[in-house]
K.L.:
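Attaching a single structure in structure tokens format; questions to follow.
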Amino acid sequence: MMSNTPSNRPLRVRRLRRSELPADTIELARYLIGKTLVHDLSRMRLAGRIVETEAYPIGDAAAHAFRGETPGIRSLFLAHGHAYVFFTYGSCFMMNVSSEEAGTGAGVLLRALEPLEGIRFMQRRRGTTRLLDLTRGPGRLAQAMDIDKRVDGVNLCAGGNLWLGTALRRVSPIGAVTRIGITRDIQRPYRFYERGNPFVSGPKRLLKGIA
DNA sequence: TATGCGATATTCT
DNA sequence: GAATATCGCATAG
């Protein structure tokens, strides 16, 4: 009785071209809501619908790039549409989509997906069958999608295995609230999410911001 | 349901 | 040595 699971629904996704992505960090963070993240493995496809992002724009004190370029954050300085993957808290990888022009360090953190395809694989990697716990949160998302340092610096619009695709259905109104887990510039409403979507991370009381 | 805290590794100071 | 764009389990209510 798997006929109702999202994993069996055929996906009609087209790859996004770089020219379709806004270069501006805030615009890109909004634009990515509802779009599809796809990771083609040798034997299967992993895919999810992006439902939550955070912008880390130019001059933002909470951004990794705030203090200038270092070897560890090189990918943030690539042209918009590249993956920046970093490791933190001893256990989690997280993925950004780089923004702005080449040489400028800024990006959009992917915080949550709605699982679409490859759910069995995600469940095995995450050690749970609970759909809501597979990709809700940036660390979970990376683990479920098999994202780690190997894909750091990958061009997401160049025909590779990890790529951004078109939206598969209409996107509900987008909310904007404060970001999670930061200690500087904490008041900026740079966290964007699809309203009413259960796969958005964090406590619900933090979602009372303005659109 | 809500809050608290330890685990864990990479980077920069 | 300190800090960290988190997670998952523990405990209390």
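Residue numbers start from 1 in every chain, and the chains themselves are labelled A, B, ... in the order their sequence lines are given, proteins ahead of strands. Model, not experiment: these values are computed from the prediction.
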K.L.:
Picking from C/dC7, C/dA5, B/dT11, which would you name as closest to the side chain of A/Cys92?
P.N.:
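From the listed options, C/dC7 comes nearest.
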
K.L.:
May I ask you to say what A/Ile180 touches in the nucleic acid, namely base, sugar-phosphate or nothing, with a heavy-atom cut-off under 4.0 Å?
P.N.:
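Here A/Ile180 touches the backbone only, sparing every base.
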
K.L.:
Could you state the atom-to-atom distance from CG of A/Leu132 to P of B/dT1 in whole Å?
P.N.:
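Rounded to whole Å, this separation is 12 Å.
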
K.L.:
Who is the Watson-Crick or G-U wobble partner of C/dA5, with both distances under 3.5 Å?
P.N.:
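In the structure as shown, C/dA5 has no Watson-Crick or wobble partner.
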
K.L.:
Any idea which heavy atoms bring A/Leu116 and A/Thr36 closest together, and the distance?
P.N.:
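In this case the closest contact between A/Leu116 and A/Thr36 is CD1-CG2, 4.1 Å.
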
K.L.:
Return the 5'-most residue of the pair A/Thr70, A/Gly90 with respect to DNA chain B, ranking by each residue's nearest nucleotide.
P.N.:
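It is A/Gly90 whose nearest nucleotide is closer to the 5' end.
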
K.L.:
Report the base-pairing partner of B/dT8 (Watson-Crick or G-U wobble, both distances below 3.5 angstrom), or none.
P.N.:
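Partner of B/dT8: none.
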
K.L.:
Of the candidate nucleotides C/dT6, C/dA5, B/dT11, which contains the atom at the shortest distance from the side chain of A/Asn96?
P.N.:
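Side chain of A/Asn96 sits closest to C/dA5.
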
K.L.:
Nearest nucleotide by nearest heavy atom, which residue falls closer to the 5' end of DNA chain B, A/Pro203 or A/Gly72?
P.N.:
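Nearest-nucleotide comparison on DNA chain B picks A/Pro203.
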
K.L.:
State, without any angle test, whether A/Thr25 and A/Glu100 hold a side-chain donor-acceptor pair at a distance under 3.5 Å.
P.N.:
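Per modelled atom types, A/Thr25 and A/Glu100 side chains form a pair under 3.5 Å.
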
K.L.:
Could you check A/Leu109 against A/Gln143 and say which one's nearest nucleotide on DNA chain C is further toward the 5' end?
P.N.:
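Taking each residue's closest nucleotide, the earlier one in sequence belongs to A/Leu109.
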
K.L.:
Starting at CZ of A/Arg140 and ending at P of C/dA5, how long is that distance when rounded to a whole Å?
P.N.:
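A/Arg140 atom CZ is separated from C/dA5 atom P by 18 Å.
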
K.L.:
Between C/dA5 atom P and A/Glu52 atom CD, what is the distance in whole Å?
P.N.:
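Checked: the CD to P distance equals 16 Å.
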
K.L.:
Could you tell me the separation between the CD1 atom of A/Ile147 and the P atom of C/dT6, rounded to a whole number of Å?
P.N.:
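Atom-to-atom, A/Ile147 to C/dT6, this comes out as 16 Å.
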
K.L.:
Using OP1 and OP2 only, check whether a side-chain N or O of A/Ser91 sits under 4.0 Å from C/dC7.
P.N.:
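It does not, given that no N or O in the side chain of A/Ser91 lies less than 4.0 Å from OP1 or OP2 of C/dC7.
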
K.L.:
Which nucleotide in the set C/dA5, B/dT10, C/dC7 lies at the smallest distance from any side-chain heavy atom of A/Phe87?
P.N.:
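Nearest to the side chain of A/Phe87 among the choices is B/dT10.
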
K.L.:
Any ion pair linking A/Arg126 and A/Asp133 (charged N to carboxylate O, less than 4.0 Å)?
P.N.:
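Looking at A/Arg126 together with A/Asp133, the answer is no, because their closest N to O distance does not fall below 4.0 Å.
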
K.L.:
With no angle test and no hydrogens, is the base of C/dT4 tied to the side chain of A/Thr88 by a donor-acceptor pair under 3.5 Å?
P.N.:
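Present.
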
K.L.:
Tell me the interatomic distance from A/Phe66, atom CZ, to B/dC12, atom P, rounded to whole angstroms.
P.N.:
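For the pair A/Phe66 CZ and B/dC12 P, the rounded distance is 16 Å.
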
K.L.:
Does A/Arg179 count as lying over the ring of A/Tyr56, i.e. NZ or CZ under 6.0 Å from the six-ring centre, within 45 degrees of the axis?
P.N.:
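So A/Arg179 does make the cation-pi contact.
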
K.L.:
Between atom CZ in A/Phe86 and atom P in B/dT8, what is the gap in whole Å?
P.N.:
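Atom CZ in A/Phe86 sits about 20 Å away from atom P in B/dT8.
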
K.L.:
Which nucleotide sits closest to the side chain of A/His64: B/dT13, C/dT4, C/dA5?
P.N.:
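It is C/dA5.
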
K.L.:
Ignoring hydrogens, what is the shortest heavy-atom contact between A/Arg191 and A/Thr178? Give both atom names and the distance.
P.N.:
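So the minimum-distance heavy-atom pair works out to NE-O, 3.1 Å.
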
K.L.:
If you only use heavy atoms from C-beta on, which nucleotide in C/dA5, B/dT13, C/dG8 is closest to the side chain of A/Arg126?
P.N.:
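For the A/Arg126 side chain, the nearest candidate turns out to be C/dG8.
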
K.L.:
Using whole Å, what does the distance between atom C1' of nucleotide C/dA3 and atom CD1 of A/Ile182 come to?
P.N.:
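Rounded to whole Å, this separation is 15 Å.
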
K.L.:
I need the OH-P distance between A/Tyr89 and C/dC9, as an integer number of Å.
P.N.:
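These atoms are roughly 18 Å apart.
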
K.L.:
Counting only side-chain heavy atoms from C-beta out, which of C/dT6, B/dT13, C/dC7 sits nearest to A/Arg67?
P.N.:
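Closest nucleotide to the A/Arg67 side chain: B/dT13.
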
K.L.:
Decide whether A/Trp163 and A/Asn155 meet the rule of one side-chain donor and one side-chain acceptor closer than 3.5 Å.
P.N.:
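No, because no side-chain N or O of A/Trp163 sits under 3.5 Å from a partner of the opposite role on A/Asn155.
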
